[in-house]
Protein chains: 2
Amino acid sequence: MTGQQSIFELFSDETTSGVAYKNKSLKRTIINHLDAIGNTTITDLAQALNISVPKITSLINELITDGLVKDYGKVDSKGGRRASMYGLVAESGFFIGVDVKHYCVNLGLLDFKKNLVTSEMHVPYVLANTRESFDQLIKIIQHFISTLPVQSRNILAMCVNLSGRINSESGYSYSFFHFHEEPLSATIEQAIGIRTFLENDSRAMAYGEFHNGIVKEEKNVLFVNLDYGIGLGIMIDGKIYRGKSGFGGEFGHIPLFANEIICHCGKKGCLETEASGQALIRQFKEKIEQGSSSSLLQHNKLPEDIRLADIIQATKNEDVLSIELIAGIGEKIGRGISVIINIFNPELVILGGTLAETGDYIRLPIRSALNKYSLSLVNNDTQLHMSKLHELAGVIGGCLIARDKLLAIGN
Amino acid sequence: MTGQQSIFELFSDETTSGVAYKNKSLKRTIINHLDAIGNTTITDLAQALNISVPKITSLINELITDGLVKDYGKVDSKGGRRASMYGLVAESGFFIGVDVKHYCVNLGLLDFKKNLVTSEMHVPYVLANTRESFDQLIKIIQHFISTLPVQSRNILAMCVNLSGRINSESGYSYSFFHFHEEPLSATIEQAIGIRTFLENDSRAMAYGEFHNGIVKEEKNVLFVNLDYGIGLGIMIDGKIYRGKSGFGGEFGHIPLFANEIICHCGKKGCLETEASGQALIRQFKEKIEQGSSSSLLQHNKLPEDIRLADIIQATKNEDVLSIELIAGIGEKIGRGISVIINIFNPELVILGGTLAETGDYIRLPIRSALNKYSLSLVNNDTQLHMSKLHELAGVIGGCLIARDKLLAIGN
DNA sequence: TATAGTTACTAAAATATTTTATTTAAAGGA
DNA sequence: TCCTTTAAATAAAATATTTTAGTAACTATA
């Protein structure tokens with residue numbers, strides 16, 4: 001029995017029963033505990049899990065022969081024999097995260113101990129709802145895997161993040177690549193040969209930020225993904241909230257404005273029509289047409305070719321028009337966030353995504369809108385932080401989702 | 001050892017350890033399972049909980065001597081020996097729910113099997129944030145208990161539902177009766193002599209409707225409490241969602257309108273300023289001042305004395321003004337609900353509270369506003385139902401919360 | 001009505017786990 | 001450095017749980 005087989009064996013509920021099943025289940029509990037707490041001793045495990053020391057000892061020894069756990073040496077003690085520390089083995093399995101953006105793909109490889117082994121950022125790619133675009137995505141993933149320093153059979157699972165409506169339970173994507181009868185996750189799984197999960201981009205970013213980012217003890221956290229659209233990743237009680245069919249968090253399309261702008265979703269008055277990256281670009285072009293000037297257009301750039309990244313770069317170069325527009329967008333996003341703060345009373349709201357890279361230019365107007373629009377008792381309860389992982393949030397989140405889905409962590 | 005002592009013993013994590021602790025914990029698991037599934041057989045329990053038949057048998061026998069479980073006779077069989085059914089004992093403990101409304105109090109008594117034994121509805125009472133009002137509430141509860149057909153020591157817990165901001169974990173109420181240093185729940189507990197919990201009224205109604213009302217298999221459910229204010233009870237994954245400090249669900253104060261009406265929360269543009277019972281009464285008075293007529297004023301009633309219940313009654317008598325105003329309110333509530341549908345993608349939205357008693361007069365405009373304002377993919381996923389428990393929702397919900405907090409069900 | 005087939009329940013045997021006692025390993029003070 | 005104290009690891013004994021095998025209770029069918 002190789003260690004690798006053991007992982008799949010251990011985490012698949014086969015027809016084991018009785019004592020065999022209980023041992024399997026206890027081993028999973030131990031792995032989950034080591035994952036949550038980090039390296040620890042047999043005595044600690046025995047106390048935490050309410051299992052006797054000899055039993056834990058024998059289970060740990062089995063996990064060591066399985067290759068999933070190893071001895072990390074002795075702990076320091078203040079009187080008494082020093083205990084051995086046991087912990088997960090980083091090399092016992094790897095996970096891939098694929099974060100698909102509008103104009104690029106970011107990929108990463110995570111080991112079993114949640115370290116990002118390697119990543120490839122900004123692989124040029126244009127996301128379009130076509131077969132060609134899909135085929136190119138597959139090629140990018142295949143190429144990434146071919147460059148990896150680990151054997152393909154040691155890669156246990158992969159998660160692909162896409163924007164739009166995703167049912168990560170069934171593996172269907174409704175906004176992109178909905179060509180086949182079978183779920184998109186199955187199509188990718190066949191093409192790549194690795195167990196594949198699908199997740200909405202904002203939820204994956206929220207998950208990354210939650211487990212490896214800015215979040216410490218907080219359990220109810222909202223991640224606002226400010227990009228061309230506005231996404232929302234909801235973490236409740238430490239778990240991703242997806243809603244009935246995985247359509248939860250459609251924050252960008254709440255009807256907050258009494259305007260006449262038709263949103264790409266077909267409705268009027270959506271938050272996204274006035275407070276998203278798309279809206280920012282539209283407003284930028286309008287201002288230019290109305291005669292405003294911007295340093296952005298100095299290098300023979302046409303207004304049509306302006307991308308969100310350009311405007312964000314311009315704010316760093318103190319372009320006045322860009323800064324003004326971002327402030328206006330921020331105020332409206334703030335009004336939107338005040339809605340979800342009132343409803344969720346979260347411990348923490350994280351601002352992430354491309355637009356969040358403008359830092360205080362967007363944070364301050366959001367902050368002041370929150371004071372204006374949300375209940376002070378609730379608002380004072382809530383921290384507002386910028387993303388810590390920045391563009392790595394999606395990659396790391398994807399890897400972690402692949403890992404935790406396979407290991408059945410956090411359901 | 002009396003059965004009653006056993007309940008508290010069984011559900012308090014004392015310094016038991018080892019086998020004793022495991023048995024205690026297994027007994028709780030069995031009780032939880034019997035609670036969730038209903039009466040069942042030893043074989044079923046053994047399979048569901050992955051414990052051997054002889055072990056389950058001995059635990060069930062202990063629970064029978066504890067007085068918590070009893071034999072409900074044989075099941076029908078289709079071939080083979082008939083199995084004994086075991087289930088909880090209704091009389092092994094009782095729970096009180098106290099639903100405090102603006103102008104009355106509703107009280108109920110629930111047994112261990114979740115049957116409503118008795119209830120006393122519409123006890124006259126005026127909720128005000130004064131000590132006198134609080135003292136009167138205590139007297140009403142004491143009187144209710146004195147009329148009950150069960151001994152006070154068999155009442156295991158009580159839950160009091162109040163509107164406004166409640167931290168049900170700490171037992172503090174911030175909107176009403178915040179007179180003492182100690183939590184309000186402790187003050188009531190001392191006055192009455194029964195273990196007391198506090199809960200927000202809308203959340204309690206949601207819980208009642210979830211467990212004993214219209215909800216069947218759904219796990220993500222929103223309950224909208226349409227009363228003088230607008231409350232929201234959020235059920236996620238079968239559990240009440242309360243937020244960081246219990247302030248979650250402040251749906252009435254999301255900034256949805258660009259009006260100049262100052263809400264009692266101090267902000268402008270709150271949903272409640274245009275779409276609540278308060279707003280309805282205000283609009284009614286305005287219309288009357290502008291010369292509209294209503295059957296409501298025929299019996300020498302002054303516009304100042306109009307209560308929400310009067311307007312609702314008037315719609316049943318086909319009062320045109322009331323019906324028109326309710327339709328307008330419904331359209332705006334629908335816009336609010338479309339926000340939370342987009343965010344939560346719930347399986348079910350329940351309309352409850354006093355205003356919901358107008359039935360289709362409020363449901364239809366809400367329904368059409370949902371079609372107008374929320375994403376069709378998400379909206380089509382969501383059922384919209386009227387409350388089934390009506391004014392009993394809060395009472396039953398309160399009883400169930402008391403029960404489930406004591407039994408540590410659903411955390 | 002007898003009998004085969006099915007399932008629940010129970011007793012005894014086998015196995016597993018916990019408990020207790022003992023040994024090993026370390027820290028810290030005299 | 002030696003001895004005492006503390007805690008981990010291990011071994012042996014005691015207890016608990018599961019497994020297996022056998023019995024009881026019921027249905028369906030000939």
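Quick note on labels: first sequence line is chain A, next is B, and so on, each numbered from 1.
Of the candidate nucleotides dA27(C), dA9(D), dT18(C), dT18(C) has the atom lying nearest to any side-chain atom of Ser52(A). Here the nucleotide nearest the side chain of Asn23(B), chosen from dA8(C), dT18(D), dT17(D), is dT17(D). Considering only side-chain atoms of Lys22(A), the nucleotide from dC9(C), dT18(D), dT18(C) that sits closest is dT18(D). For Arg81(B), counting side-chain heavy atoms from C-beta on, the closest listed nucleotide (dT24(C), dT18(D), dA25(D)) is dA25(D). The side chain of Arg82(A) approaches dA26(C) more closely than any other nucleotide in the set dA26(C), dC26(D), dA9(D).
In terms of position along DNA chain C, the nucleotide closest to Thr57(B) lies nearer the 5' end than the nucleotide closest to the other residue of the pair Val19(A) and Thr57(B). Two residues, Ala20(A) and Gly79(B), neighbour DNA chain D, and the one matched to the more 5' nucleotide by heavy-atom proximity is Ala20(A).
Between the side chain of Glu347(B) and the backbone N or O of Lys244(A) there is no donor-acceptor pair closer than 3.5 Å. Side-chain N or O atoms of Asn32(B) include one that pairs as donor or acceptor with a backbone N or O of Arg28(B) at under 3.5 Å. At least one donor-acceptor pair under 3.5 Å links the side chain of Glu189(A) to the backbone N or O of Thr196(A).
Rounded to a whole Å, the OH atom of Tyr21(B) is 19 Å from the C1' atom of dT19(C). Rounded to whole Å, atom C1' of dT19(D) lies 16 Å from atom CD1 of Ile51(B). With rounding to whole Å, Ile60(B) atom CD1 is found 15 Å from dA8(C) atom P. In this entry the distance linking CD of Gln47(A) with C1' of dT18(C) reads 15 Å, nearest Å. Protein atom NZ of Lys74(A) is 9 Å distant from nucleotide atom P of dA25(C), rounded to whole Å.
Within the 4.0 angstrom heavy-atom criterion, only backbone atoms of the sugar-phosphate kind lie near Ser84(B); the bases stay farther away. Using a 4.0 Å heavy-atom cutoff across all strands shown, Asp44(B) reaches no nucleic acid atom at all. Using a 4.0 Å heavy-atom distance criterion, Asp76(A) is classed as making no nucleic acid contact.
An OP1 or OP2 oxygen of dT17(D) is reached within less than 4.0 angstrom by a side-chain nitrogen or oxygen of Lys55(B).
Judged by the 6.0 Å distance and 45° axis criteria, Lys113(B) is positioned over the aromatic ring of Tyr72(B).
By the 4.0 Å N-to-carboxylate-O rule, Arg242(B) lies too far from Glu169(B) to be salt-bridged with it.
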